[in-house]
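Because the structure is a prediction, the values reported are computed rather than measured.
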Amino acid sequence: MIPLSHSLTIAALLFVLGLAIILLRRELLFILMGLEVMFNGVALTAIAAGQYWNNPDGQVLTIFLMVVTAAELAVALILVWLAFEHLKTTQVDMLTRLKDDTKGGAP
Amino acid sequence: MSQFLWLIPGSPMLGALIIALLGGYLKQRHFSILASCAAAVAFLTVLLAWLMGAATSQPLQQTLYTWIGVGNWMPTIGFTLDRLALVMVSVVSSIGLLIHIYSITFMAGDSDQRRYYFFLNLFLAGMLLLILADNLLLLYLGWELVGLCSFALIGFWYRDPLRASAGRKAFITTRIGDLSLALGIFLLFNEFNELSVSVLLANATVQWETGSQMPILAALLILGGAIGKSAQLPLQIWLPDAMAGPSPVSALIHAATMVTAGVYLIARTYPLFELAPQVQWSVAAIGTLTIIYGASAALAQNDIKRVLAYSTISQVGYMFLALGCGANALALLHLTTHAFFKALLFLTAGTMIRTNDNEHNIHNLGKRGNHSSLIRWCFLIGAASLAGFPIITAGFYSKEAILTATWSAPTGPLLWAFAAFGSLLTAVYIFRVYFFVFQGSRSGSPMPPIPAPMTWSLSILALASLVVGFVEFPEGWPGLHLWSDWLRDELGSASHPTLATAYSLQFIACVLPLIGIGVALVLVRREKLGFELPLAAFLRTGWNFDALYQIILIRPYFTLARFFKNVEALLIEGTLQKMTRSGMTVATACRDGLEYGVLNKSITGLLAGLRLGHMRLSATQNGLLSRYALMISAGAVFLLGYWLW
Amino acid sequence: MYEIIFYLTSAIAVLAASAILIAPHPVHAALYLVISLLALALLFFLLGAPLLAALQVMIYAGAIMVLFLFLIMVMNLRPGQNQSAPLASGWKGPAFLALILLLELLWILNRFQITATNNITAIEPKAVGLALFGPYLLVVEVAAVLLLAALVAALYLSRKERS
Amino acid sequence: MHSADLISLAPFIALILGGLTILALGVWPKPVSTQILTMVAIAFLFLGAVATLFWDAPHEVNGMLVTDNLSRLFTQFFMFGTAVIIILSSGYTPIKNEVREEYLSLLLFSTLGMTLLIASQNLMMAFVGLEILTVPLFALVAWQPARNGAIEGGVKYALLAGFAAAFFLYGTALAYTSAGTIDLTVLGAVTTNAELLAISVTLILVGVGFKLALIPFHMWAPDIYQAAPAPITALFASIAKVAALVFLIRLLCMQLQHIWEALLPLIWMLAVASMVAGNLLALHQQNLKRLLAYSSIAHLGYIFVALAAGNSLGRDAAIYYALTYALMNLGTFAVITAFTRHDQDRQDLEEFRGLGRRHPVLGIAMGVCLLALAGVPPTAGFIAKLIAFGAAIEAGHTILAIIAVLNTALAFYYYLRILNVFYDTNETNLGAAQYSQGTLIIVVTITLLIIAFGIFPEWVLGLI
Amino acid sequence: MNWLLSVLIFLPLSGALMIALTGHNKTIYVRWAALTISTVELSIALGLWWIASPDSDGYLYIVQVPWIPTMGIQFLLGMDGLSLLLVLLTTLLVPIAILVSWRSISHNWSTFAALLLATQAGIIGVFLALDLILFYVFWELMLVPMYFLIGLWGHERRLYAAYKFFLFTVTGSLLMLVAILGLYFIHGEQTGIYTFDYFKLLHTNLSGDTGMWLMLGFFVAFAVKIPLFPIHSWLPDAHTEAPTAGSIILAGLLLKTGAYGLLRFCLPLFPEASIDFAPFAMALGVVGILYGALLALVQEDIKRLIAYSSISHLGFVVFGIYTWNQEGLHGAMLLMLAHGATTSAMFATIGMLEERTGTRLLSCMGGLLSPMPRLGAMLLLFTLSAMGMPGLANFVGEFLVLAGVYQVSASLAIAGAMGIVASAIYLLWMYQRAMLGEQSSDRIWVDLDRREMLILTLLAVTVLWLGLYPAPFLDYLQVPATGIIESNPAIMTGTEDAFR
């Protein structure tokens, strides 16, 4: 039988991998994929725990997770597309119009 | 009578007030009349006091109101007129009145008489207040007030920066003495919880033992105040410079009245000095040294007013000597005679200077030589009185008495020898001036007539310089001994030498001025031939005291002040700019901040540090999405790390 | 046997996810993602959640991946195009941080003795449905609003005729 | 469903119905004027606010939502705030033509998310509420995508919000792992695996901390403040943030009190970091909107000072602070909205030079709001700080209180800097403010409220 | 008559609001309105002075209204002799500040007047408030408008000066807030009564360390305001850069609030800690006296010079306060009044001088007495007062302080007295450089006009009155001073040991 901690470990691995993707990749779509991976890590945790506690709440949690992810992803993807349309880039490095003006201000 | 006491200082005060407030509505010449009237009222009140028998009765008292009532600190605005004060107010008010009258014509041409008479009246008020004050704080008020007026009048012609500086010098030097007096007041108050002079002295004689620490300290502090005001060694430096003021001012303030305030103060508090014999002796010693100092310095001066200034220093030295020997009454006598003859000398000198286009140099004055006979006679009388020309001058009586009294004091013969030598020098220097000025070629154009007010005041002073001495004939002589008898109750009396000794001392005192005049004749002849006195330059600068003070006190003080200023400027301005420009690191700020001025440097350092922090943090806001996510993860790592730790 | 399948699937899921990290081409990455998601669906099944396994396949592998691929096609993304190397300079710090996070999580998860394992008993879709429409009814309703809001937002943003 | 449930749910229903009605009106065959849409939106907000008045005893709906005093106070406040933002938006020229059914319904849905979030009794409910609050904001930030930086802001916010949501969810999942339930009332009673629960709450704190823009989860805030249209920035800076905060307060101070105590050191550190870094970041900032973002970060630090006290006064202080904080930021951004240029917000501080003198009412309002943010009596900001620091001192956190007051002093520097520019005599720039009557009324109302709450804090304190 | 206290505070406040909202571009009307309001204030204060009997025990007027009962905050105002006199000073100086600015403020009179009146309300509030939170409220309230007075109407480096002023003071006052809260909770825990009421807090039991820390919290706030030696550096900048009216308010009133705070709060609330601290405070005082005097000597900027002289004078005040005896306390209180009158008069005069010469640099002046005798005479009077000339205002206070200090420590008294000598040096040097000597240019100078004479005459009368007949003021200080002395549990044994 699978100990709970093993499932949780795999979930944690997925979570951190997703996080690593977000931190390391420069392409917006990759970042979105990283998000998906992270969410899936969470889902695995919930389902494993649901199995452990033997109640459906874990699965319910995962369902809502999917719904929310879908909603969020939809809007996010459109924003990425808008970035491609208007800013002609989907690279994170290029999205630096909004930042602190480090020239320094008043004395 | 006592309810009119306030009029004595009050009327000149009112005069000053009227001049200050309503001056805009008056013409120049009205000021002099107004001021003279105010002085006259004061004088008349004093006269009235004599007539009403103040001389014989108990001290008169008047208290107006409590000035500052805090606990035991209850100085009143109140006056006491005892015999000591009576003598002083008589001298001050009479000479004050005469000089006011003299000034009417002397200052007639000046365009700023309002200020002149304001301060002259204010001075008179302050001086009378000082004398009449029944408590130390009120005395201090008068004390400072006369100092202020002295400052303002020395620098009366303030457009000349030298004159203005002379005023400031006088004020600050005397203020150092005042500080000492103030501390003395604190000490006395702290000991007795009382400010009234009479009560204080009574308490002191009861509670303190002779020669114990407290009275010594108190007497020393008061002596400090007296030295400053009376221009005794080592605080004498301001007086010669004070001659920058108009001559009547020199006569009134820097010869007759204010400089003798120190004498008055010591006489007033003499019981304290009796409790502290060491201090009393040092009073005498300071007096003696000052006599020699002043006389020798006067010997080499070429400016007529400076001669008189050093002479004043020297003569006040006699008074101190007398005080130091316990002959308070005699000190007072010399104060009185000195007031008259020195005022006379100053006023004649002033007239001469006036009529000779502001010429101060005795050589040049002699060369011009067109002096009216009134002036000549007046100066001669004054000079003789100053030199102590035997029998006929007032100065002889007062000075001789002091010399005699000195003999029997502790280390008396030594003091006497110095004082006698000083007496010789006095005759030499004053007749040197006389011979220079009045034995010159009479080549000048005829004199303009001297106006009546001047003539009158000069004549009265001249008369007084001759006759005032007759109130006190020398010990063992037939004649009056009014003065010392009358004052004995209040001021005590000094011990006298045996009659035989006294006679020989008196003989010497008679002879010395004559010898001095002879020496002066020789000296003048030789000087006219180009001969210089030994050490003349040294003496002329007043023994180089100014330079000495410049080196040991003033320069270091300013240097220190500048140093602090530079430090501040460096710390605030310099670093701020530097730091804002290059964004210096906090470390540098801390290191430099450890230097002297932690204050501003640490502030600017803090600012720079904050700024640096801002810059560093702001640099992280670089718009990079991954960086933002990284920070969030770092936060998560940190928070989770807390649980593992 | 069960364990072997479980760990194998897990390995696939993890490896596929790792592949995304270094895949140069977006399309490859998307495919790796699908693999990972499908492996995950299998894991769900193995963990007794058949309903979720099905939903996973449908929603993720079916719907979301299509969106991704569609967008990749539309934007015509290619490796090397405006793209620094996938693990460009400065990767060490973030990678290190991720590693620490992983270690922390593993430490935490293995610190608690919740290792007791029941036999895998499938939680039936019915039970899930009862929970959804029982205690979670309000959330379901609200989730509908969320979807509506996302719809409105997406609609607005994708409108063409903006001034 | 009982009738009591219906009464409790009425405000939420009003918001949903409002959103739907507006959408329906928007697609109505005959074009409906913007004014009417706005009025309908405000009417539904008003209805919702009125509906909360019918709540009496605290009531739990289905174990998911609770309607107590806290919910009522903030539900009403969110309604008010949304109304304010709607009015501001309708007078705001850069997006004036784009304030239509989508905008308004998204605002209402977002408000629904806030009300759900603060009333939730279940982590799932909270999460969905949080998402309903967030997802419309993705679009609202990027409203009129042609604006400078709008898309970039939207993208950043969407991705980072998702990232933070992952943490939130992971925390939820771990909480579930630890106790087998995500119902907060149950979780509060569970004692097994308390440490795992605490860790899961820590992860939730990461998710909420992102919303609150605490250091180090703050970096999105200035960018988004800068990118969003001023009224939406106002929403971000005020009620959106407060919703997350109130949720946190409910979570920690009311339901999981033992966890709160365990988390105190973490809250302490977050408070210090946020205060110090927030103030430092704001210190020399030249862009006004970014500056206010940083100042918000610092303010959350002060609120966390109160939370770090771990006592009931700290809770009350945090609640009071949250309310006044939102009010002050609403006021500030209302003035910025009023000062907008035709197509873009004024952002650089220089662009505001001398404007306060030219428009005395707006100038005074800005002065009051900024001084309130700085904590000058007799404004609400002062009372908030007073109670917050008082709570810390009562709990014995004197050092924390001293750090906080030193930071307050530091903060004065940049608030005064803004006011200096506002009142400077060299009016280098021309161009008047373009504001509607409604904006003016809003500005005056909020200013008066800030002063009134400062002089009569009992009005609010009594409601907590 | 108690309600008049509230009027004193709210009249200028509402006046300020009215003027700010309606006075745009109506300079003349605004000037007169502000002057009227401040004159009404002055007459109210005079009336209160007239009615009150100096012998009545405790507080002359009290207003007590609950404000935030849940936190134990009240609207508690009280006026004893000390606050009465300080309020009197405030109400006197504000009309003078308005008159001084009559022409010299050229733009935005409405804002200016509003800020001035708001400052006045804050300062009066500080002098009256007896609830600690209320006190803090007014304490901050007076800072903000003052900041703008400096920052908007000041000279070249006004912003720097204004920031420095504000940040220094606000840091101090926030630390005081922490101390207030600390005191509140300690008192609450001890008695179960959570209140900020001054009278109730007076009897809080404070153990050694806690008391010391709380006292230091208060002390820092007040020391910044006074300002004491190491934290004085805001003052020269603020004084130099402020407009004349600002300098008057700053020097005349704001500095007094610090000393007032020491008298009202630091000493009575924390007697034990204050006794332990007294030697340090007096040391700071004497360092301030000498340091200020020293730096004043080398200033080129005449306003900076006066600023440093203020540091020196306020050193005397601190000196007097910590002697904790009759003479010292009376002296300190009276010196507060005297310094308020004298220094603001000097700033007013110098402001007029600056309007004419266009410079504050001493090196650019000189010989100005002859073309402007009235100005010169007035400046001389105030200069003399500042250097402690007997018969003028400062003397009474300084001498009393020194008499008090002498009872504690003779050497400290000597050091302090040196400060008086030094003041003569730098002030006369200043006067000589500005007014005496040769005229530096042959411009045509205009002497004081009627308005300016009115201002200076008022102040001159005050200075003379304080110097010659301080009894009407001193009488009112008896009760407060005795109160403070009675709060001392050890009657100075601690300090005496420390010095002797």
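- Nearest heavy atoms, Gln621(B) versus Lys99(A): O-CB, 3.3 Å.
- Within 6.0 Å of the CZ atom in Arg114(B), the count of heavy atoms belonging to other residues, nucleotides or ligands exceeds 12.
- In plain terms, the two heavy atoms of Leu624(B) and Asp93(A) that are nearest each other are CD2-CA, 3.7 Å.
- With a 4.5 Å cut-off on non-hydrogen atoms, Ile22(A) touches chain B through its backbone and its side chain both.
- Per-residue counts of heavy-atom pairs under 4.5 Å with chain B were compared for Leu23(A), Leu95(A), Leu19(A); the largest is that of Leu23(A).
- Note that CG of Leu625(B) is 12.0 Å distant from CD of Gln91(A), once rounded to the nearest 0.5 Å.
- Put simply, the side chain of Leu617(B) does not reach to within 4.5 Å of the side chain of Asp100(A), judged on heavy atoms.
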